[in-house]
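Numbering starts at 1 and runs along the sequence shown.
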Amino acid sequence: MREVIVWVLLLALFCVSCGTPSSGDIDYNLIPVQQGGRFGYINPKGEYVINPQFDDATMFREGIARVKKDGKYGYIRKDGSYLCLPTYISATPFQEGIAWVVKEKGAPTAIDADGKELFTVKESYSVFCYSEGLAGFSVRTDDGDIKWGYLDKKGKVVIPPIYKEVGFFSQGLASVKDNNHLSGYIDVKGNLKIAHQYANGEKFNKSGLAIVQTTGDDDLYGVINKDGKFVINPQFATLIPDNDGFLVQMEKHGDFGYCDTKGKLTINPQFAEASTFGNGELAPVLVGGSVGYINKKGIMVIPPQFEAATFFVHNYALASSGKKIGIINQEGKYVVNPQFQSIANDFSYNVDEIKNTPFIRVESQYIDIDKIVDKIETLLANNMLDGMSFPPTVEEIQVRYKIEDSKVPVYSDLETYLGYWGQNISARLILNGYFYKEVSDGWWGTKRVIDKQAKADKVQLHVNLFYVAAGRSEEVKDGLLKALNKGYGNYKFNIQCKGKSSVVIDISR
């Protein structure tokens, strides 16, 4: 379990514009542990409160834990009873009374603490937990880009998806990245309060301070206040929030130490690996290949002896020996002997969590057939094909899609990319025909030139499916057949699957 310390460090190092609103609602009296390949819950005395029965489990947040069984997620209460049976493909923990869930082939749905469905956001590509009443959500634009904005607790868009990345709100501000991938800070109404100027920006802590990373070759970290002014100048290669201070590295791959909120070193860098103090008085550090604990003066109070260990919560910590995990007290003595295989991933989450982990966000499984149909109807509006005659001439095609003469194929189809028609769906227009004619070369032969008035013999749409939509061509075909079975205008459709991830639509009159 030495990975526990390493894992905590990596978590913090990659934590950009992130963090759940608070870890104060986590119940550390119920510890998810794995034994015999199954997760259950023990108390700090090592006694099982909920017997091992789950494939995976999380800490209790707001009185509810997410569990996994038979490959699907559900939620349990502290007495072990189910709030929601394991029926979801993915699910987040509860934050501010709401969790996000996704059923098979479904869209992100918000549920309340009673398990009641509140609303579904079909247009969203991904959604993550609420903070200060807002949840970050993303959409895929027609050009394939992913943009982020925020939803309120009714599912209404309050800040439109215009950002490359967004973070959690804290102290009324959230870090967001613009199209240049620079971080700035907005308020809950979307007003820019701190200009886009940082390589990365983390959330503000309870003291109104936020870690930011500068741009440039050095990529150093410093700390700003809510006015955007540096209170700790950029000088650290690593800067990790730690309650009333920071865990630091002065240079990349260097030793770890600690500093206060003014940037003054309180414990000189000297540890190959280290974790935060969290809300406790002791922090685990790696010395000579083993983990021990230091106090806030840097004095080793529990000698290095463990393979790995967590920070202290409620006067106990988890520590491993012989690749088994037990519980120690603040004297470093085992009060529960090492016997467990692993602990829940989120036990070691201090306050901040990585925005890009599946733990705090869900991604849509939904294929919006109606959107594909709307795109087709728009393409064929006014009895035309994308503003051209049907079938179009070569000249119309070249003008509409800016195709040079040299790009018009001789013996293959003329194709043009139409962009994204859904979260994981793109479309191409395929025009089949011979678009050339033979003319005299002025001597005794002929030459081939584009026949500007030649028309396509066949018009097709190729709908391509990828990521979570991949392999679902039959589903899309059936949905389109049902929606277009009566035709549209003067058009008729023949719809077939081409493999498992492509649908071909022949369009005729």
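We find that Asp56 and Lys69 are not joined by a salt bridge, their nearest charged nitrogen and carboxylate oxygen being 4.0 Å or further apart. Ion pairing of Lys164 with Asp178 is absent here, as no side-chain N (NZ or NE/NH1/NH2) approaches a carboxylate O to less than 4.0 Å. With respect to Lys324 and Glu307, no salt bridge is recorded, no charged nitrogen being found less than 4.0 Å from a carboxylate O. One finds no salt bridge joining Lys122 and Asp368 here, because no Lys/Arg side-chain nitrogen approaches an Asp/Glu carboxylate oxygen to under 4.0 Å. Using a 4.0 Å cut-off between charged nitrogen and carboxylate oxygen, Lys105 and Glu475 count as a salt-bridge pair. Remark: Asp244 does not engage Lys206 in a salt bridge, criterion side-chain N to carboxylate O under 4.0 Å.
Looking at Asp187, its side chain does come within 3.5 Å of a backbone N or O of Lys189 through a donor-acceptor pair. Of the possible donor and acceptor atoms, none in the side chain of Asp370 sits under 3.5 Å from a partner among the backbone N and O of Val373. Side-chain atoms of Ser175 do not come within 3.5 Å of backbone N or O of Lys203 as any donor-acceptor pair. Not a single donor-acceptor pair under 3.5 Å links the side chain of Gln365 to the backbone N or O of Ile89. Without hydrogens or angle criteria, Thr378 side chain to Asp374 main chain gives a donor-acceptor distance under 3.5 Å. A donor-acceptor distance shorter than 3.5 angstrom exists from the side chain of Ser131 to the backbone of Phe169, with no hydrogens or angles considered. Of the possible donor and acceptor atoms, one in the side chain of Gln249 sits under 3.5 Å from a partner among the backbone N and O of Gly254. Side-chain atoms of Glu96 come within 3.5 Å of backbone N or O of Gly133 as a donor-acceptor pair. Using a distance-only test at 3.5 Å, with no hydrogens or angles considered, no donor-acceptor pair links the side chain of Asp242 to the main chain of Thr276. The backbone N or O of Ser207 lies less than 3.5 Å from a partner atom in the side chain of Asn205, making a donor-acceptor pair.
Residues Leu318 and Phe306 fail the side-chain proximity criterion, which asks for heavy atoms closer than 4.5 Å. Looking at heavy atoms from C-beta onward, Leu151 lies in side-chain contact with Val121 at the 4.5 angstrom threshold. Looking only at side-chain heavy atoms (C-beta outward), Pro86 and Phe54 stay at 4.5 Å or farther from each other. In this structure the side chain of Ile325 reaches within 4.5 angstrom of the side chain of Ile343, judged on heavy atoms. For the pair Val212 and Ile224, the minimum side-chain heavy-atom distance is below 4.5 Å. Residues Ile369 and Val476 meet the side-chain proximity criterion, which asks for heavy atoms closer than 4.5 Å. Two residues are said to be in side-chain contact when any heavy atoms from C-beta on lie closer than 4.5 Å; Glu331 and Ile302 fail this criterion. Put simply, the side chain of Ser321 reaches to within 4.5 Å of the side chain of Pro338, judged on heavy atoms.
To the nearest 0.5 angstrom, Thr58 atom OG1 is 10.5 Å from Phe39 atom CZ. The CD1 atom of Ile425 sits 8.5 Å away from atom CZ of Arg472, with the distance rounded to the nearest 0.5 Å. With values rounded to the nearest 0.5 angstrom, Lys78 atom NZ is found 6.0 Å from Leu30 atom CG. Taking OG1 of Thr141 as the start and CD1 of Ile162 as the end, the distance is 13.0 Å to the nearest 0.5 Å. Here NZ of Lys193 is found 10.5 Å from NZ of Lys226. Values are rounded to the nearest 0.5 Å. Atoms CZ and SG, on Arg77 and Cys84 in that order, are 8.0 Å from each other to the nearest 0.5 Å.
Put simply, the residue from Asp27, Asp25, Asp346 that forms a side chain to side chain donor-acceptor pair (under 3.5 Å) with Arg61 is Asp346. The side chain to side chain donor-acceptor pair (under 3.5 Å) test with Asn200 singles out one residue from Lys177, Glu165, His181, and that residue is Lys177. The only option from Tyr41, Phe347, Phe312 that meets the ring-ring contact (aromatic ring centres under 6.0 Å, His included) definition with Tyr28 turns out to be Phe347. Screening Cys129, Ser90, Ser126, Ser124 against Val362 for a side-chain contact (heavy atoms from CB on, under 4.5 Å) leaves a single residue, Ser90.
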TODO: Could you walk me through whether Phe128 and Trp148 pass the ring pair (Phe, Tyr, Trp, His ring centres under 6.0 Å) test, one step at a time?
DONE: CA-CA 11 Å; Phe128 59 78; Trp148 288 83; 5.5 Å; yes
request  = Kindly indicate, with the supporting measurements, whether the criterion ring pair (Phe, Tyr, Trp, His ring centres under 6.0 Å) is fulfilled by Phe236 and Phe246.
outcome  = CA-CA 11 Å; Phe236 298 105; Phe246 301 93; 8.1 Å; no
* Asked: Between Lys153 and Asp112, is a salt bridge (Lys or Arg N to Asp or Glu O under 4.0 Å) present by the stated rule, with each step listed?
  -> CA-CA 10 Å; Lys153 287 191 173 181; Asp112 64 17; over 6 Å; no
* Is there a side chain to side chain contact (heavy atoms under 4.5 Å, CB included) between Thr261 and Val231 once you walk through the steps? -> CA-CA 8 Å; Thr261 55; Val231 296; over 6 Å; no
Verdict with supporting geometry, Lys297 and Glu281, salt bridge (Lys or Arg N to Asp or Glu O under 4.0 Å) | CA-CA 10 Å; Lys297 294 182 180 180; Glu281 296 299 316; over 6 Å; no
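Between Phe94 and Tyr75, the ring planes are perpendicular. Angles over 60° get that label, and only those under 30° would be called parallel. Classified by interplanar angle (parallel below 30°, tilted 30° to 60°, perpendicular above 60°), the ring pair Phe230/Tyr198 is perpendicular.
Proximity of the aromatic rings of Trp100 and Phe137 is defined here by a centroid distance below 6.0 angstrom, and this criterion is not met. Residues Tyr185 and Phe204 place their aromatic rings such that the two centres sit under 6.0 Å apart. For Tyr401 and Tyr417, the ring centers are positioned 6.0 Å apart or more.
No side-chain N or O of Gln330 forms a donor-acceptor pair with one of Tyr293 less than 3.5 Å apart. Side-chain contact of Gln270 with Asp255: a donor-acceptor pair under 3.5 Å is absent, judged by distance alone.
Scanning all heavy atoms of the two residues, the minimum distance from Val285 to Ala274 falls at CG1-CB, 3.8 Å. Nearest approach of Thr215 to Leu182, heavy atoms of both residues: CG2-CD2, 3.5 Å. For the residue pair Gly46 and Ile327, the shortest heavy atom distance occurs at N-CD1, 4.5 Å. Taking both residues in full, the closest heavy atoms of Pro234 and Leu220 are given as O-CD1, 3.8 Å, listed atom of the first, atom of the second, then distance.
Thr87 meets the side chain to side chain contact (heavy atoms under 4.5 Å, CB included) test with Leu85; sequence neighbours excluded. Thr120 is linked by a side-chain hydrogen bond (donor to acceptor under 3.5 Å, both in side chains) to Thr109, counting only residues two or more places apart in sequence or in another chain. Listed by chain and residue number, Arg140, Tyr420, Asn424, Ser426 satisfy the side chain to side chain contact (heavy atoms under 4.5 Å, CB included) test with Phe466 (two or more places apart in sequence, or in another chain).
The cationic atom of Lys154 (NZ for Lys, CZ for Arg) does not lie both less than 6.0 Å from the six-membered ring centre of Phe119 and within 45° of the ring axis.
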